[in-house]
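Notes follow once the structure below has been shown.
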Amino acid sequence: MATKTYEEINQKIKKGEAVVVTAEEIIDIVKEKGVKQTLKDVDVVTTGTFGPMCSSGAILNIGHSNPKIKIQKAWLNDVNAYAGLAAVDLYIGVTEVPDDDPLNKVHPGAFRYGGGHVIEDLVAGKDVKLRAISYGTDCYPRRKLETLINLKDLNEAFLFNPRNAYQNYNCAVNLSNRVIYTYMGVIKPHLGNANYSTSGQLSPLLNDPLYKTIGIGTRIFLGGGVGYVVWNGTQHNPTAKRGENGVPKGGAGTLSVVGDLKQMKPEWLVGASFVGYGATLTVGLGIPIPLLSEEILEYVSVTDKEIFTQVIDYSEDYPNGIVRSLGEISYAQLRSGEIEVNGKKVPTASLSSYSKAREIALELKSWIKEGKFELGEPVELIPGPESGLSFKPLKERAVE
Amino acid sequence: MAKTGVTKRIVIRFPKRLVEEPIVYRLIKDFDLVMNILKAYVTPNEEGLLVMELQGDADKFEEGIRYLKDKGVLVEPLSKDVKRNEDRCTHCGACVVLCPASALVVDKDTSKIIFSDEKCIACELCVPACPVGAMEVHF
Ligand code: SF4
Ligand code: SF4
């Protein structure tokens, strides 16, 4: 059986000879040429996804003021940033909102501005207001700091997202008789609409369902710049139910990723607000998959017809941890604009942008073709089904 | 006494039974009003909707509006417009299922979301639902 190595592919990339296609383009190529010929002809397949990813944030080192301060609490444009790190290191999480945000006091709240918007503003080159307080120490006497900061002046600024690129996700519906406001968007009563959030056949982890090429050290497209996979993501659930093609039939694998914020672009990191739910960040992420073997080629040839997810009620079932699927549907059905649930025709909407996912895959493809981006061979793959890892609910215990 | 002229933008909605009637024609003919139709739309349940600019004598204008209301037509002043900030839209599609006027639809070829300004009835349903705040209300 024909195989290729990372090194061989990287040699071709360096010479500008690598053949790169997107996860959409590969589908027809394999159909036309067959597996053997395609494996000979094509070296890398690029993927992409552009959707809200709540478990994201940035680590910033703002530099020392004079006199110095050991920041105890900090706010960026009035959004609290975590300061429980060394003196002037901060972590700004995308779902954080200003202390005086009205939240859901008048339901549904708007959540107009949050940590995701702070990151977008930083990446756009805008000045951001920093306010910090401390208790003062002998070595760090200052107690108050108020200044403008700008991304270009920071010592380090890197995105560090503990959970991105969810491999598959629920399709959310509403069986109740009231509108619900969720992280899956606004869902109308009586099965008024069905919202989903995956780029399907273009999605990174759906093209490498068993994590045969993705692991620690995989170089990726992140927010318009270069990033890396550094760990599996939180809630990584490799033992989720899968089809014969290895593709999970619901949420499964996740990735933890890092990348230099200074290289990123605001069009690929867009602050977002989910009415009644909260603030977040829409993240653009793309992963190249090396065609190391026929097996991998078969994985990347997956089409929307062969990727399935579960229809879940977000009015009662999901909030109360009731595990019940109202049906299994394919992304081809979801993307057709209408699905059938409980005998009713339900219009579908996506929260993740398919057209932007395609743009990411194309952008990554051109980076690799131009020899600007070599593949990172993982030093360790992220845990697969054989690890036995699963995503457990919390067991609450009485506190004495 | 000199007559006062007015120019006003209004939104009128009329029920299915009136869609076939020559309402607009009467408005022009009987009340001598000059009309510029900005948007015209028939909703899926066949309710008619017109956004227009009416120009004419102030008294005749009032009479015309009264005529419409007597006919069972809903008349509201047009005070705002919903526009899409093209730079901000990420083409996710979250707005599509909420729009009652099919002003937001998915282009099957490009997977982009098309916004048809002329179909938009400025109901604002999409405004809070757009995660990135791309749908803007202009007054
Ligand atoms: S919800 Fe907003 S960002 Fe998404 S397609 Fe509609 S207008 Fe564009
Ligand atoms: S305001 Fe938004 S939801 Fe309402 S008609 Fe216009 S585009 Fe559609």
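Within every chain, numbering begins at 1; the chains are lettered A, B, ... in the order of the sequence lines, protein sequences first and strands thereafter. The figures that follow rest on heavy atoms only: side chains count, while hydrogens, waters and symmetry mates do not. From a predicted model like this one, the values you see are computed outputs, not experimental measurements.
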Does a side-chain heavy-atom distance below 4.5 Å link [X] with [Y]?
{"X": "A/L222", "Y": "A/L159", "value": "yes"}
{"X": "A/V128", "Y": "A/V118", "value": "yes"}
{"X": "B/V105", "Y": "B/I113", "value": "no"}
{"X": "B/V51", "Y": "B/L49", "value": "yes"}

Against chain A, label B/V132 side chain, backbone, both or neither, depending on which of its atoms sit under 4.5 Å from a heavy atom there.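 Its backbone and side chain both get close to chain A.
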Given heavy-atom pairs under 4.5 angstrom as the criterion, report whether the side chain, backbone, both or neither of B/V96 touches chain A.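 No part of it gets close to chain A.
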Only counting residues at least two apart or in another chain, list the ones meeting side chain to side chain contact (heavy atoms under 4.5 Å, CB included) with [X].
{"X": "A/V341", "answer": "A/L191, A/V311, A/L326, A/I339, A/V346"}
{"X": "A/A165", "answer": "A/L255, A/L285"}
{"X": "B/C126", "answer": "B/V82, B/C95, B/L104, B/M135"}

With a 4.5 angstrom heavy-atom cut-off, could you sort out which part of A/F111 is near chain B: side chain, backbone, both or neither?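 Interface part for A/F111: neither.
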Quick one: donor-acceptor pairs under 3.5 angstrom, chain A versus chain B?
{"unit_1": "A/E120", "atom_1": "OE1", "unit_2": "B/R88", "atom_2": "NH2", "d": "3.0"}
{"unit_1": "A/E120", "atom_1": "OE2", "unit_2": "B/R88", "atom_2": "NH1", "d": "2.8"}
{"unit_1": "A/K188", "atom_1": "NZ", "unit_2": "B/V97", "atom_2": "O", "d": "2.8"}
{"unit_1": "A/G271", "atom_1": "O", "unit_2": "B/R88", "atom_2": "NH2", "d": "3.4"}
{"unit_1": "A/S273", "atom_1": "N", "unit_2": "B/P131", "atom_2": "O", "d": "2.6"}
{"unit_1": "A/R335", "atom_1": "NH2", "unit_2": "B/S111", "atom_2": "OG", "d": "3.1"}
{"unit_1": "A/S336", "atom_1": "O", "unit_2": "B/K108", "atom_2": "NZ", "d": "3.2"}
{"unit_1": "A/S350", "atom_1": "O", "unit_2": "B/A94", "atom_2": "N", "d": "3.1"}
{"unit_1": "A/S353", "atom_1": "OG", "unit_2": "B/T90", "atom_2": "O", "d": "2.7"}
{"unit_1": "A/S353", "atom_1": "OG", "unit_2": "B/H91", "atom_2": "O", "d": "3.1"}
{"unit_1": "A/R358", "atom_1": "NH1", "unit_2": "B/T110", "atom_2": "O", "d": "3.2"}

